[in-house]
Amino acid sequence: MNNNVKTLVNGIIKDNPIFILLLGLCPTLATTSSAINGLSMGLATMFVLIMSNIAISLLKNLIPDKVRIPAYIVIIAAFVTALEMAMNAYVPVLADALGVFLPLIAVNCILLGRAEAFAAKNKVIPSIFDGVGIGLGFAGALTILGIVRELLGTGKIFDFAIFPETFGALLFVLAPGAFIALGYLIVIFNKLQKK
Amino acid sequence: MAKLESTFKNMFLSLSIICLAVALILAQLNVITTESIAEARALRLQDAIMVVVPEFDNDPVAESFKMPVGQGDSLLMFPAKKNGELVGFAVHSFSNNGFSGNIQVLVGFDMEGKIVNYSVLHHAETPGLGDKMEEWFRPQEQTTSLIERIFGFQIETEGRNSSIIGRNLSAGLLFVANDGGDIDAITASTITARAFLEAVNKAYAAFREGNVDVSPPEIVLNIEGAIQSIFSDFDNDPVAEAFKTSSDDLPMVFPVKQNGKPVGYAVHSFSDNGRNGSIHIMVGLDTEGNILDYYILHHRETPEHAEGVEIWFKDESNPANNIIGRNLSQGLLVLADEGSDIDGITGSTRTTRALLEAINSAILEFKNQ
């Protein structure tokens with residue numbers, strides 16, 4: 001159990017997919033224009049990650065090594081498609097907000113990376129913890145980036161006005177602001193983590 | 001269980017079985033969710049209709065119909081009725097010129113043609129920029145931020161003219177300021193704003209076609225004021241003595257008399273060929289048929305096109321255009337590029353031509369009587 005907790009914490013801190021591993025940066029930069037968008041993208045990815053980790057660790061012995069990548073991709077894509085259908089049916093508002101980035105979870109390299117690096121080598125329970133840990137690390141990073149960008153760009157956090165919008169720097173809502181904010185966050189995160 | 005060897009048979013079977021299983025599961029899931037997805041869509045449409053039209057008690061979705069609008073497109077119209085009477089239309093319109101392609105909006109009109117409200121049904125615009133259109137075109141809300149509340153000051157948000165709620169498009173279609181319109185574009189998302197307004201304008205076109213009852217807002221013409229501004233001295237009632245020589249409503253001739261003697265005629269004439277529809281004009285002629293003055297009763301030309309129209313033809317510093325004092329014996333008034341000497345207003349030839357058409361028809365009317 002101790003090991004499982006360690007796996008979980010590692011996913012959030014030491015192996016943080018965004019700030020340390022720098023994986024899956026495309027959806028990270030694209031969807032974090034506001035805190036709520038970042039959070040929902042993070043949670044959706046976390047769900048797919050946990051499910052694919054479970055499925056792959058269960059099936060790992062049935063998948064010959066040479067075809068493992070296509071097999072993993074099919075499994076991940078299946079969960080993403082299922083998630084998209086379910087969201088469209090039951091939470092259409094959220095599905096709309098995530099738009100094209102929802103189906104694109106399938107090609108997020110975090111998912112394939114964890115399948116390859118963890119789920120394919122471990123049992124189901126640790127794989128779940130890894131999925132939760134990495135998922136939380138990803139969702140947390142996206143939310144923080146979303147908060148920073150929304151605050152600096154529009155003066156709001158989760159749509160709650162902190163300072164007048166007039167003082168917002170539009171740059172941070174746009175793509176360059178995403179790179180700048182992410183860069184500084186990586187610096188801060190690594191500085192704090194080294195201590 | 002040991003890991004399967006990478007033999008051809010194992011690889012083939014493993015991958016095939018995984019693909020087949022996944023396909024079956026997804027197919028089943030698709031069957032389960034199709035209905036819910038359709039329901040969710042229908043519900044959203046229903047909600048959107050509720051927001052954009054005045055209160056109704058019929059089923060607009062069941063009574064919806066398609067309305068063709070130019071270029072082979074057709075838009076879905078949802079009639080809203082209360083106690084069997086039409087109270088408005090929700091029009092499902094779209095534009096393919098968004099920053100990320102297709103934008104779909106539902107625009108609601110009341111029976112006068114005023115925009116009641118709108119709802120964005122689908123778009124793929126940039127989050128944080130283009131997707132502001134969902135609020136941008138509504139009246140601006142003044143929000144008080146946390147810092148302002150704590151320190152007790154208030155910074156005025158920059159005013160913008162971007163609300164389309166309550167606008168009647170019969171007074172002119174909507175364009176962003178960059179395109180010569182009066183709607184401020186979304187900051188850093190002009191393309192989105194332009195596409196959005198295109199969809200709204202298209203919705204209005206469909207609304208217009210589908211609803212014959214809609215008449216343009218009644219034009220109030222200041223007939224008496226126009227006559228007084230042209231003829232200062234008269235003692236009869238020209239409006240009461242008005243007559244016309246043809247069976248058409250216009251032109252109408254108002255005889256102006258003093259002490260029972262005619263001093264001239266005010267002729268109310270019009271042209272339908274202005275940039276934005278009809279132009280009404282009052283032309284004052286003396287008893288010989290010399291033009292005394294003119295007065296524009298009504299026009300809907302855009303400001304930059306109509307600028308100067310009021311005085312263009314009586315500008316004494318520009319004799320070529322000055323029509324005051326001209327006589328019909330000199331023939332009709334035509335533009336320079338049609339063989340005469342009158343210059344069109346720069347950039348507004350069409351408006352000028354419509355005006356001259358109206359003036360000419362007034363002169364012909366005088367000739368007839």
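Residue numbering restarts at 1 for every chain, and letters A, B, ... go by the order of the sequence lines. This one's a predicted model, so the numbers in the text were calculated from it and none came from an experiment.
In terms of heavy-atom pairs under 4.5 Å with chain B, the best-connected choice from A:I162, A:I75, A:V74, A:V67 is A:I162. Of the listed residues (B:L15, B:D131, B:N10, B:L13), the greatest number of heavy-atom pairs within a distance under 4.5 Å of chain A belongs to B:L15. Ranked by heavy-atom pairs under 4.5 Å with chain B, the list A:A78, A:A95, A:G155 is led by A:A78.
Interface remark: A:D65 contributes backbone and side-chain atoms alike to the contact with chain B (heavy atom separation under 4.5 Å). Proximity to chain A is limited to the side chain of B:R44, based on heavy atoms less than 4.5 angstrom apart. The part of A:L170 that comes within reach of chain B is its side chain, from C-beta onward, which places non-hydrogen atoms under 4.5 angstrom from that chain. At a 4.5 Å heavy-atom cutoff, the contact between A:F160 and chain B is made by side-chain atoms alone.
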Exercise. Can you check ring-ring contact (aromatic ring centres under 6.0 Å, His included) on A:F79 and A:F47, steps first, answer last?
Worked result: CA-CA 9 Å; A:F79 282 115; A:F47 168 80; 7.3 Å; no
Exercise. So A:E116 and A:R68, salt bridge (Lys or Arg N to Asp or Glu O under 4.0 Å) or not? Walk me through it.
Worked result: CA-CA 9 Å; A:E116 178 83 358; A:R68 66 181 195 287; 2.6 Å; yes
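The closest side-chain heavy-atom distance from A:N10 to A:D130 is not below 4.5 Å. Counting heavy atoms from C-beta on, the side chains of B:L174 and B:I115 come closer than 4.5 Å.
For A:N88 and B:R41, the side-chain atoms include no donor-acceptor pair closer than 3.5 Å.
Classification of B:K81 and B:E63 as a salt-bridged pair holds, one side-chain N sitting under 4.0 Å from a carboxylate O.
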